[in-house]
Structures are given as structure tokens and as C-alpha cells.
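Protein chains get the first letters and strands the later ones, always in sequence-line order, with residue 1 at the start of each. On a predicted model such as this, the values are computed, not experimentally measured, just so you know.
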Amino acid sequence: MSDSPILSIRNLEAKVAEEDIHILRGVDLTLNRGEIHAIMGPNGSGKSTLSKILAGHPGYEPTGGEVLYKGEDLLEQEPDERSRNGVFFAFQYPVEIPGVSIANFLRTAMQARLEEGEELDLFDFQDQLMEAMELLEMDHSFAERSVNDGFSGGEKKRNEILQMAMLKPSLAIMDETDSGLDIDALQTVAKGVNTLAEQNPEMTILIITHYQRLLRYIQPDFVHVMVGGRIVQSGGPEVAEQLEAKGYENYKAATV
Amino acid sequence: MEGVTDSLNAEAVEALAAGEPQWLAERRRHAWSVYERTPLPTTRLEEWRYTDLRRKLKLDRLERLEWAPRSFDPASAPARLRATMEEDQEASGHLVEVDGTVVHVDLQDELAAKGVILMSLREAVSAHPELLETHLATEALPAEQGKFQALNAALWNDGIFLYVPRGVRLEHPVRVSRWVSEAGKALFSRTLIVADEASQVSFVDEVLSDDLDQQTLVSSGVEVIARPAAQVQYVSLQRLGRGAFSLIQQRTLAEKDSTLDTLNVSLGASVTRLDLNAQLRGSGANSDMLGLYFGDGDQHFDHNTSQDHVAPHAKSDLLYKGSLDEKARAVFRGIIKVHKGAQQTDAYQTNRNLLLSETARADSLPNLEIEADDVRCSHGATVGQLDQESLFYLMSRGMTRAVAERLVVIGFLGEVLSRLPLGGVSEKVTRIIRERLHG
């Protein structure tokens, strides 16, 4: 079982929900357990759409192909089922939930993973939360703040990684996690992700990014280039370096 | 003579006045004459535009609930009343009213020794005539305040009198539970709270019933007076069953350097109409005015508030938030009124509504009327739907849609409760809303 890919995307096509805007035009991608993949691409290439389709965002609609997660049809599952099954989606723009503290939010999310009638151990929870906050260099008072409400860009992204640390996913999809981060915040976030990856060697990470800079801190095993709704090149970390040097111009020219 | 019926009439006033001291009998008659000559509000009046009283309140079908001595055994009290009494143990004193008759009062001995008075309003008439003659329906809620203020002043049966002497501070809240069980009746209850200079008290008035199979009018007249430097928190928690028409008229008077905060929670009843007039009558006075409503089915809420700044250098800050599901409907109408001499007033007013269904509706009408030139005032109102991106965010963390909705709604309303963290109220209200959102 552990030899089979955790995620297998075959000829996936997708469009904007309720509109005739087709974005993904046949994506193929295979992720094995414990691997770190990065998808890079210019604006409008469909890389964020791919991550949202995987998370089950209601704004996008698959129109063809299939996605198998742990051997099962992922696209059939509701967003909350996907999460309980181990998929984590780190938002590019985390949403503000006024009046709901981070502690309450995480408690509710972790309670949702338990069987009916089972109660979350609050002492364990508190210990885990403190540990995760220390990893991300967050003050303990952070737990009592309303989720993302009035947070800086860096705080929002750190809060995403905090949730990832608590929910311990099998597959973490990080959508433009580096956007809006200064260098210090970027390093803290990267350190958090790397520590989590070391602690959970089975965890698979899919990083969606426009720029190469995050990949200097989180070393991917594989880099894919997405243009025009398809993966046009796959390789090792050297692909990202080539992109850094030459940009996306060559790919764009090639697809026209 | 609109609103005079077979049961609500001058004879009823005379029946109550018989055996009462002269001053009170005259006060009732005067209130009745105001009631008689004031027309029933129609939707042509701005203040009643969204609540068609003639359709929603069938006064002529109501029978006035008369005062009667009642024996009360807490052990055999109705389940909902018992539950709330058991929950509210930590208190300076309790008062229980059943169908318009006060059946139980207790007050900590040390507080009684310091001169604190908590008793049935009816008994207070003979026990403390001078305090009542001075305060009852005079300064705060005289009949002239309006049609229903007058009706309550004329026909009140019983109610609550709380007096806190100068400098006395109550550590725990005074808790009142008012139970209504007789359907088809009109019930008039009155509350008078006087907090003397530099005293401190918090008061929780919870009114509740099961569902009632005929329209039942529950009228509550409330007057709260904070003398200089007093600190008062008044909480009304309305948990009446369907069938009830909750009519609440409140007036609060905040004198110099006093704090007089109110929290009105409307959860029950088929129709709720709340009129709150908060007068800032002394400089340095401060009133936080909080409100929370949650409705479903075809519940109708109409909250009508007034921040009445008479004195300079006073502050009022109003926040009313509500969430409505199914076909529930809410109206908020608030006015900040700054009189000519009330310079350096700070007055804020915010009403926010969160709709959980396509058929729920909220109307928000904030208003300013400012006659002074050196003031800071603001008002704002919003009516919004449940945000799909927020729900997706929570669901992507594993919560079902129902749990996600509950978290958003409770977070939204929680802002109000966190502003007045009074023993157990916030937890109780949160629990009730959570249970209702389960359904």
C-alpha cells in the first residue's frame, strides 16, 4: 500500500464554477509518500486552481479526468471529508473568522476528527498547541486572538502552518504560502514546514509558487512547471533554478 | 380609546387601585388616561413602520392575568424554570415570579443588613412607600413615555423592587426568573432598580415560558436609575416560547460619573418589541448598550433604542447584533440624540445582522440627531449573508457545514457577550444558540 502513490492526478480538467472559463486542460501528476513537490508557473497558468480543486473549493468545478487520493476518488469527497482524510490546504488568503479564537477553532477542528461520542483530551491539546506555537515562534497569547482577524500577512501564514502542525496531514498543499512574507517570516514559516516534514517523514507536500525564493528554504524533490493549464516540464530542483535565470518566457512562447 | 377592551379597561385599573395608597391609585389612573388618549401605533409612524401592531397583537382577545397568591415549591417547578434556578446559584439574591406573582425572594443576610432591598414590588408599596412614591413611574418611565409605557404603569400586577444604598457593592448579580404559563393572557410586570450613590450592582432578569398555544402578552416595564458614581449592569434575557408577544419598555437614567450598562438578549417569543431609552443625564456618565437576538421560524424582533445625551462629557456605546434563520425577521431602529448643552459627547451606534437563510430579513435604521457642535458620534449598520469563503475555510479544516456555521454564528454574536462578562450569562446564551443551531 505504501508503495502506491498518495496522490495520482490523471488528465484533470476544470473550470470556474457556473462560468465557461476553462482553466485546467489535462493535468497529470503523481505524488508519492514523503515527497516534496513544487508546482511553479506564471500568473494565470492554473496552478492555484489545481490546488483549490484538490481542496474542494466551491468556486471551481472539475470537468474531466480523475484524482485518486490514497486510492480513492478525491473529487467525490466534500471539503471537510478531505480534511478528515488527511488533506490540508494552506490558503493563499486565509479567511478572517471574527469572534472565534485560534484555540477554539483548532479544538473544534480536532474534535471533528474524532469518532462520534469521543471527546478531545484538552490537556493533550493544550500541550500540542504550545509546542506548535513555539516551533513557529508565536507568542502564547496568539491562541486567544480571533482567527486571522487583524493579522498581518506574516501572522496569517504562520497561522496556516500552525494549523498544519496541529492537524498533521498526510498531504499538505501550500498555495502561494510565500506571497506577502518578508524574509524573516519566510524563514520562520520554512523552518516550521521543514521541522514538520522531519517529524512526519510520510507527509507529502505540494508547494504552489510563482517564485523560486521559498524553494531556497524548503528543498523540493521534484519541480513541475505549469503553463496554460498543463504541466509542461517536470524535473528536480534544477528546474526551479533554470526558471529563476530565464523566467517563464520560453514556456509561454512554446505554448502559443 | 384604542386598545380599551373587555379586559383591559378602567374597571381593571380601579380593581387594582382599590386598597392601594392614594398616590399609587392616582398614578395608575393618570397612566390609564394617557393610555386611553394615545392612539394605537400604526405602521405610518416611523417607529412602528416594520411592525404592524394591529395585525400582530390581538389586544381584544387577551384576558388580563390577575394577581393571586400562589404557593411555590421549587422541587415541582416547571423543568425550564427549575433548570435556570439551579444554574443561577451564585447570586446576591434571587426573586422568582410565576404568572405575574412574586413567589420567592431571598437576599444575602449581610446585604439586607446593609440596607439592600430586594422584594416584590407589590409588597414594597406598603413596606417602602417613600422610596416607591419617589421613584415609581416618575423620573424614569412615566406614562408619558408612550402608549405601552402607560399601559404597564396602569395595570402592573407585581414585579421587582431593588434598592442598593449609598456605597454598597454587591459582588454577585441579583437574579430574577419570571415564568409564564397561562396562555391567552395579558401579563404586566414592572421592575424598579435604584442604585444610590457609588453603589454597585448587577441584575439579570430572565423571563421564560414553554410554547404557548394562544397569543400571550408579556409586558415588562423597566426603570433603572444610577445615582452619581453608581455602577449598574442590567441584563434582560428573554426566552419566552412561541405564542408570546414580548413587549419590553426600558428606561435607564445615568447620573454624574455613573456607569449604567445594559444587555438585552432576545431569543424567544413570536414577536418581540423592545423600546430602550437610555438617558445620559450627568457629565461623566457612561452607558454600554448591548443587544443580541437570534431568531428562526417566523419570529419577529423589533428593537428600538434611543441614546439620549442631555449632559456634556458623557459616553454611550451601542452594539446590537443578531442572526436570523428560516423566515425570521428583525428590525433595528436606533437614534443618537445629542441635546444642545451636551458638548463633548461620545456616542456610537452599531447594528450588525447575519442572515442564515434566503428568506430571513433584517432592516436596520440608525439615526443621528445632534444639536451640539463639539461631539464625536458615529453609526453603522450591516446586513450580511453567511460568507461562503469562511465556511469553506472551516470545512477545509474538517468541520462539517453545520459545525462551521455554528462556529461562525457564535463567533459573530460572541462579540456582544464578551463586552459584558457577567456570571454565566454568556455561557448560557451561547449554549442556547448552539442547541438551536443543531436542529
Side-chain angles (χ1 to χ4, degrees), chain A residues 17 51-52 54-60 77-114 116 120 144-149 156 159-160 162-164 166-169 171-173 175, chain B residues 263 265 290-294 319-323 350-356 380 382-421 426-427 429-431 433-435 437-438:
Chain A
S51 70
K52 284 178 176 147
L54 295 177
H57 193 288
Y60 299 89
Q77 301 173 19
E78 291 295 318
D80 52 321
E81 276 179 273
R82 299 182 197 199
S83 168
R84 293 194 298 272
N85 289 337
V87 178
F88 180 84
F89 178 63
F91 282 58
Q92 179 178 7
Y93 303 110
V95 181
E96 298 180 6
I97 316 285
V100 178
S101 72
I102 288 182
N104 185 15
F105 170 79
L106 283 169
R107 226 171 14 239
T108 312
M110 291 180 74
Q111 178 68 46
R113 293 174 143 62
L114 303 178
E116 185 93 19
L120 187 68
E144 293 313 316
R145 289 176 62 186
S146 290
V147 176
N148 297 322
D149 193 7
K156 284 184 180 174
N159 186 27
E160 294 296 288
L162 176 72
Q163 295 168 40
M164 179 172 152
M166 295 297 284
L167 299 177
K168 299 194 171 38
L171 170 64
I173 302 158
D175 187 12
Chain B
L263 167 63
V265 180
L290 305 167
L292 182 158
Y293 42 98
F294 178 83
L319 175 67
Y320 271 58
K321 279 182 131 180
S323 183
T350 307
N351 172 233
R352 299 200 188 288
N353 296 279
L354 178 61
L355 305 182
L356 307 180
T382 55
V383 178
Q385 301 276 344
L386 209 50
D387 175 36
Q388 293 305 314
E389 194 69 19
S390 304
L391 287 182
F392 173 63
Y393 188 65
L394 297 173
M395 287 176 76
S396 79
R397 300 310 184 236
M399 301 172 207
T400 59
R401 180 171 291 272
V403 170
E405 283 190 11
R406 207 147 65 219
L407 205 60
V408 171
V409 171
I410 287 170
F412 172 78
L413 298 174
E415 184 192 357
V416 172
L417 298 171
S418 66
R419 291 254 307 260
L420 204 153
S426 165
E427 293 76 4
V429 172
T430 304
R431 197 195 64 227
I433 294 169
R434 184 174 290 138
E435 281 164 10
L437 283 164
H438 258 292

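For A:P169, no part lies under 4.5 angstrom from a heavy atom of chain B. Using a 4.5 Å cut-off between heavy atoms, A:R82 does not touch chain B at all. Heavy-atom distances place no part of A:Y93 under 4.5 Å from chain B, backbone and side chain included. Heavy atoms closer than 4.5 Å to chain B are found in the backbone of A:E96, but not in its side chain.
Chain B forms more heavy-atom pairs under 4.5 Å with one residue of A:G99, A:S83, A:A55 than with any other, namely A:S83. Ranking A:R84, A:M110, A:R113 against chain B, the residue ahead of the rest is A:R84, based on heavy-atom pairs under 4.5 Å. Per-residue heavy-atom pair counts under 4.5 Å with chain A were compared for B:G398, B:G414, B:A404, and the maximum is reached by B:G398. For the set B:L413, B:L407, B:V403, B:V408, the count of heavy-atom pairs under 4.5 angstrom toward chain A peaks at B:L407.
For the atom pair CG (A:N104) and CD (A:E144), the distance works out to 9.0 Å, reported to the nearest 0.5 Å.
Using a 4.5 Å heavy-atom threshold, the side chains of B:L356 and B:F294 count as touching.
Using modelled atom types and a 3.5 Å distance limit, the side chains of B:T382 and B:R352 yield a donor-acceptor pair.
When all heavy atoms of B:R397 and A:F89 are compared, the pair lying nearest together is NH1-O, 2.7 Å.
The residues B:E435 and B:R431 are annotated as salt-bridged, a charged nitrogen and a carboxylate oxygen being separated by less than 4.0 angstrom.
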Enumerate, atom names and distances included, each donor-acceptor pair closer than 3.5 Å involving a side-chain atom of residues 388-396 of chain B, sequence neighbours excluded.
{"unit_1": "B:E389", "atom_1": "OE1", "unit_2": "A:H57", "atom_2": "NE2", "d": "3.0"}
{"unit_1": "B:E389", "atom_1": "OE2", "unit_2": "A:H57", "atom_2": "NE2", "d": "3.4"}
{"unit_1": "B:S390", "atom_1": "OG", "unit_2": "B:D387", "atom_2": "OD2", "d": "2.7"}
{"unit_1": "B:Y393", "atom_1": "OH", "unit_2": "A:N148", "atom_2": "ND2", "d": "3.2"}
{"unit_1": "B:Y393", "atom_1": "OH", "unit_2": "A:E160", "atom_2": "OE2", "d": "2.4"}
{"unit_1": "B:Y393", "atom_1": "OH", "unit_2": "A:Q163", "atom_2": "NE2", "d": "3.0"}
{"unit_1": "B:S396", "atom_1": "OG", "unit_2": "B:Y393", "atom_2": "O", "d": "2.7"}

